[in-house]
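Let me begin by presenting the structure, written as structure tokens, before commenting on it.
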Amino acid sequence: MSTPETSRFVRLRVELVVEVDDSGDLAASALRRIAEDEHMPAEERLHAETAVKEDDAEALAYLVDPFDLVSQLPGVELSQASWSSEQIDYDPDSPDWESGEDDEDDGDTDAGTDGAGGRGL
């Protein structure tokens, strides 16, 4: 359905829980990504390198890029993206983690690490 009143913008929400098996490999990959970023200012680079060495969530945030999720989709252009990561206690057998359930807090703020975070395009 496409009418003049229908917005052309769609918010896509994706929630992933990943298990980090090797913090060293994760940090090394994030450090490579940071080193390859020629647009990152030196002061920010130093902060980023320190953060990814100390926190798996930070390392993951520097490696995940929402643009990669939609860049090859026909007829779609990324308008804005933000993402975060955080360490969590996860029990796959807990009923709180059933697929398809929304979080209780459905606001627009993220409580996690904003790492490589928001990118407005």
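Note that the structure is predicted; figures quoted are calculated from it, not measured.
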*Any chance you could lay out the side chain to side chain contact (heavy atoms under 4.5 Å, CB included) test for Asp55 and Gln87, step after step, and finish with the verdict?*
CA-CA 9 Å; Asp55 186 355; Gln87 300 262 344; 3.5 Å; yes
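- What you find for Ala30 and Ala59 is that their closest heavy atoms are CB-O, 3.7 Å.
- The two residues Ala61 and Trp83 have their closest heavy-atom pair at O-NE1, 3.1 Å.
- In this structure, CE in Met40 is found 9.5 Å from NE2 in His47, a value given to the nearest 0.5 Å.
- Counting only distance, with no hydrogens or angles, the side chain of Arg45 and the backbone of Glu38 share no donor-acceptor pair below 3.5 Å.
- Between atom CD of residue Glu86 and atom CD of residue Glu58 there is a gap of 12.0 Å, rounded to the nearest 0.5 Å.
- How far CG of Leu69 is from CG of Leu12: 7.5 Å, rounded to the nearest 0.5 Å.
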*Which is it for Leu60 and Val52 under the side chain to side chain contact (heavy atoms under 4.5 Å, CB included) test, yes or no, and what are the steps along the way?*
CA-CA 8 Å; Leu60 191 59; Val52 302; over 6 Å; no
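- With values rounded to the nearest 0.5 angstrom, Leu26 atom CG is found 10.5 Å from Asp21 atom CG.
- A heavy-atom distance below 4.5 Å is found between the side chains of Lys53 and Leu31.
- Note that CG of Leu63 and OG of Ser29 are 6.0 Å apart. Values are rounded to the nearest 0.5 Å.
- Linking ILVMFWY side-chain heavy atoms closer than 4.5 Å, directly or via other members, places Val18 and Val64 in a single hydrophobic cluster.
- The minimum heavy-atom distance between Phe9 and Ser7, with the atom names listed, is N-OG, 3.0 Å.
- In terms of hydrophobic clustering, with Ile, Leu, Val, Met, Phe, Trp and Tyr side chains grouped at heavy-atom distances under 4.5 Å, Leu78 and Leu73 are assigned to a common cluster.
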